[in-house]
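Following: one structure in structure tokens, then a few remarks.
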2 protein chains.
Amino acid sequence: MKLTLDALEVLDAIDKKGSFAAAANALFRVPSTLTYTIQKLEEDLGFVIFRKEGRRSVLTPAGRVLLEEGRSLLLATQAMIDKAHQVDSGWEVRLNIALDTVWDTQQFLPILTEFQQLNTGVEINLLEEVMGGSLEALIEDRADIVLGGPAPNTPIQGLQFKEVIQSQWCFVTANHHPLTQTNLPLTNEMIAPYTSIVIKDSSRHSPIKSHRLMDKQKQIKVASMQQKISLIEAGIGVGFLPKHKIQNKLDEGTLVTLETTEPTAITPQYCSWKSNNKGKAARWFIDRILSEKI
Amino acid sequence: MKLTLDALEVLDAIDKKGSFAAAANALFRVPSTLTYTIQKLEEDLGFVIFRKEGRRSVLTPAGRVLLEEGRSLLLATQAMIDKAHQVDSGWEVRLNIALDTVWDTQQFLPILTEFQQLNTGVEINLLEEVMGGSLEALIEDRADIVLGGPAPNTPIQGLQFKEVIQSQWCFVTANHHPLTQTNLPLTNEMIAPYTSIVIKDSSRHSPIKSHRLMDKQKQIKVASMQQKISLIEAGIGVGFLPKHKIQNKLDEGTLVTLETTEPTAITPQYCSWKSNNKGKAARWFIDRILSEKI
DNA sequence: CCAATTTGTTCGAAAAAACTGAATAGTTTT
DNA sequence: AAAACTATTCAGTTTTTTCGAACAAATTGG
């Protein structure tokens with residue numbers, strides 16, 4: 001490869017500044033140096049880059065190719081160096097965080113803000129996953145950290161997880177729903193006539209398992225917790241929801257919890273990650289989340 | 001930019017050959033030179049690229065980024081140099097030739113073969129255009145040369161063209177078509193009951209003008225001359241076709257020409273190009289086509 | 001287990017490359 | 001016609017790169 005990036009920079013400067021003299025000045029060199037550099041480049045590559053026109057030099061077509069493509073080359077080179085520095089700093093180039101839909105995104109934002117203030121240069125991607133989908137994202141390397149969602153029922157090699165929150169599930173309806181007029185506690189038979197809203201598992205491979213499915217009940221399947229809340233609030237259907245995600249709507253009174261004979265589950269929520277993840281950002285988030293009082 | 005392509009090549013060689021010593025040998029240098037190159041690179045970039053492990057050196061994560069991204073950088077650089085050489089040679093990097101559908105592609109293949117044997121490195125793209133579409137391709141720089149098709153009805157600035165062939169249009173039907181049983185010459189009224197096959201103009205902007213449209217006739221619109229021939233041969237419809245494109249089918253007898261009262265047109269076919277085109281390949285093709293006896 | 005081999009590094013000397021500054025010649029501006 | 005600006009040439013200097021011998025550490029082989 002008879003070509004140096006330095007020569008490409010010289011070429012760029014000559015074109016940008018409009019003359020050898022001005023470019024030399026900008027590069028803190030002397031004009032004759034640029035003459036030397038360009039002549040050497042021409043000799044190395046075997047074609048003419050500048051031809052004289054009056055008292056100034058203009059690019060040949062081949063020279064123009066070198067200039068223009070060389071510029072993208074220089075940009076790509078700088079990007080590579082930046083990336084290498086980022087990797088060397090120990091901070092990942094990119095960190096994918098999967099938020100299970102049961103987790104409240106709002107709760108996570110302060111942590112994210114705090115991280116951004118560290119100025120690590122790490123690109124953060126937030127993925128939303130549902131139920132089993134979150135763990136799958138971890139296993140398949142689509143995510144580095146999973147926040148919320150269940151622990152694997154069988155321990156998985158190389159995966160670590162820790163409980164971060166107790167999520168209490170309640171049976172919920174809109175404040176204007178017929179069931180609010182019924183005697184409590186509600187039996188399965190009393191609930192059965194009404195449409196129930198169910199979140200569809202986002203995992204791509206796992207067998208489909210709907211959460212707390214009641215057999216004969218009519219169902220509407222939705223993709224996220226937020227959709228489920230909206231539909232229940234609108235009175236379209238009923239279902240179980242984690243209390244912490246709807247506390248504000250319970251306070252406002254648009255949603256109400258109703259006692260059921262079926263005991264309401266308390267499902268623990270986990271933070272999961274790969275044990276072999278040595279990245280600083282991943283470590284920071286895990287430590288930060290586990291230390292959080294929720 | 002404190003980085004040289006040479007250093008990236010050294011890095012590549014060390015990884016490929018597995019050791020400083022082997023790489024040095026491959027690069028016709030001495031091992032200590034590579035040590036110097038790498039140490040200088042590390043100093044310039046400000047991070048460690050190799051760390052010792054036993055008696056050999058292994059890449060750090062940042063070093064691996066440099067190696068892998070550096071490789072694509074080297075490839076891109078070489079591609080740029082090749083392209084510059086191609087441009088310098090005066091031969092275009094790419095030449096787009098639009099063949100109007102009236103032109104016989106088969107006739108053009110020997111010329112193309114001849115060109116390929118010149119080993120110019122020019123990438124040839126063949127476009128198929130219909131009627132006015134071919135000239136439009138030229139104006140809009142999608143094509144460098146247009147072969148076949150009409151001359152512009154108003155002379156266009158910067159465009160050159162020359163007649164290359166007299167295309168004689170005949171009224172054609174399948175050999176089993178009812179019209180073959182009729183008294184000749186055919187009048188418009190005799191033709192009108194039968195479906196006519198019409199080529200749809202491929203130009204994107206020009207007002208639509210179907211060729212030799214007969215008013216009350218049923219029509220089927222097709223996209224190319226080849227399709228038109230197929231449909232007529234199948235007896236689906238009838239229409240005017242350039243004699244030179246169907247000579248073999250006339251000889252075989254699957255198609256027949258019928259005399260009409262309407263005089264059959266003799267439309268000249270042109271080769272068109274931009275006058276400011278200085279490329280060697282464009283010039284070669286134009287000269288070659290104009291000198292051809294057809 | 002010890003000698004031989006292979007590894008990468010250090011260091012002084014030598015070679016090559018890059019850079020400088022003054023002189024020069026051509027072109028445009030004033 | 002002089003002044004200002006262009007890029008280039010060239011001899012001399014500085015910097016960078018390369019070499020080769022000597023060395024230390026790690027592995028291999030008999």
Side-chain angles (χ1 to χ4, degrees), chain A residues 1-64 66-67 70 74 77 81, chain B residues 1-64 66-67 70 74 77 81:
Chain A
M1 189 84 64
K2 301 229 43 88
L3 173 69
T4 65
L5 292 174
D6 180 68
L8 289 181
E9 282 178 321
V10 168
L11 201 57
D12 173 63
I14 293 173
D15 181 75
K16 270 212 179 76
K17 296 294 174 182
S19 76
F20 278 49
N25 192 51
L27 295 170
F28 305 105
R29 301 184 210 185
V30 124
S32 61
T33 301
L34 302 202
T35 302
Y36 167 78
T37 305
I38 296 297
Q39 281 181 349
K40 179 158 165 36
L41 186 59
E42 288 181 333
E43 191 184 342
D44 287 344
L45 294 179
F47 58 83
V48 179
I49 295 170
F50 285 104
R51 67 168 209 284
K52 299 222 67 167
E53 197 156 278
R55 73 175 171 184
R56 53 201 323 115
S57 296
V58 295
L59 282 167
T60 60
R64 182 148 294 281
L66 224 54
L67 170 71
L74 289 173
T77 306
I81 294 174
Chain B
M1 189 83 64
K2 301 225 48 82
L3 173 70
T4 66
L5 292 174
D6 179 68
L8 290 181
E9 281 178 322
V10 168
L11 202 56
D12 173 64
I14 293 173
D15 181 76
K16 270 211 179 77
K17 297 292 174 182
S19 75
F20 278 48
N25 192 52
L27 295 171
F28 305 105
R29 300 183 210 186
V30 125
S32 62
T33 300
L34 301 203
T35 303
Y36 167 81
T37 304
I38 295 298
Q39 281 180 349
K40 177 157 165 40
L41 185 59
E42 289 181 333
E43 193 184 343
D44 288 344
L45 294 180
F47 59 82
V48 179
I49 295 170
F50 285 105
R51 69 167 209 284
K52 300 222 65 168
E53 197 156 276
R55 72 174 174 185
R56 55 201 320 116
S57 297
V58 295
L59 282 165
T60 60
R64 182 150 294 280
L66 225 54
L67 170 71
L74 289 172
T77 306
I81 294 174

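First the proteins, then the strands, lettered A, B, ... as listed; each starts at 1. The structure displayed is predicted, hence computed values, not measured ones.
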(message) Distance under 4.0 Å to a non-hydrogen atom of chain B counts as contact; along DNA chain D, which nucleotides mark the start and end?
(response) D:dT16 to D:dT27
(message) Holding to side chain to side chain contact (heavy atoms under 4.5 Å, CB included), I want the full list of residues that pass it with A:A13, two or more places apart in sequence or in another chain.
(response) A:A23, A:L27
(message) Can you tell me how far apart CG (A:L59) and CG (A:L66) are? Round to the nearest 0.5 Å.
(response) 9.0 Å
(request) First locate atom CZ of A:R29, then atom CG of A:L34, and finally report the distance between them rounded to the nearest 0.5 Å. (result) 7.0 Å
Polar atoms only, N or O, under 3.5 Å: list the protein pairs with nucleotides 20-25 of chain C and their distances.
unit_1: C:dT20; atom_1: OP2; unit_2: A:V30; atom_2: N; d: 3.1
unit_1: C:dT20; atom_1: OP2; unit_2: A:T33; atom_2: OG1; d: 3.0
unit_1: C:dG21; atom_1: O6; unit_2: A:S32; atom_2: OG; d: 2.8

(message) If I take atom CG in residue B:L34 and atom P in nucleotide C:dT9, what distance separates them, rounded to the nearest angstrom?
(response) 9 Å
May I have the list of side-chain donor-acceptor pairs in residues 46-54 of chain A shorter than 3.5 Å, sequence neighbours left out?
unit_1: A:R51; atom_1: NH2; unit_2: A:E53; atom_2: OE1; d: 2.8

(request) Please answer whether the main-chain N or O of B:G18 pairs with a side-chain N or O of B:R56 as donor and acceptor at a distance below 3.5 Å. (result) yes
(message) With heavy-atom distances below 4.5 Å as the criterion, would you say the side chains of B:I14 and B:I38 are in contact?
(response) yes
(message) What's the separation between atom CG in B:L5 and atom OG1 in A:T77, rounded to the nearest 0.5 Å?
(response) 6.5 Å
(message) Without decimals, in angstroms, what is the distance between A:E43 CD and C:dA17 P?
(response) 10 Å
(request) Summarise how protein sits on nucleotides 2-8 of chain C as a single string, 5' to 3': B when a protein heavy atom is under 4.0 Å from the base, S for sugar-phosphate-only contact, - for no contact. (result) ----BSS
(request) Any chance you could measure B:L74, atom CG, to B:E9, atom CD, to the nearest 0.5 Å? (result) 5.5 Å
(message) Restricting to salt bridge (Lys or Arg N to Asp or Glu O under 4.0 Å), what partner residues turn up for B:D15, sequence neighbours left out?
(response) B:R71
(request) For B:L67 and B:D12, work out which heavy atoms get closest and say how close. (result) CD1-CA, 3.7 Å
(message) If you assign each of A:G54 and A:D6 to its closest nucleotide in DNA chain C, which residue comes earlier from the 5' end?
(response) A:D6
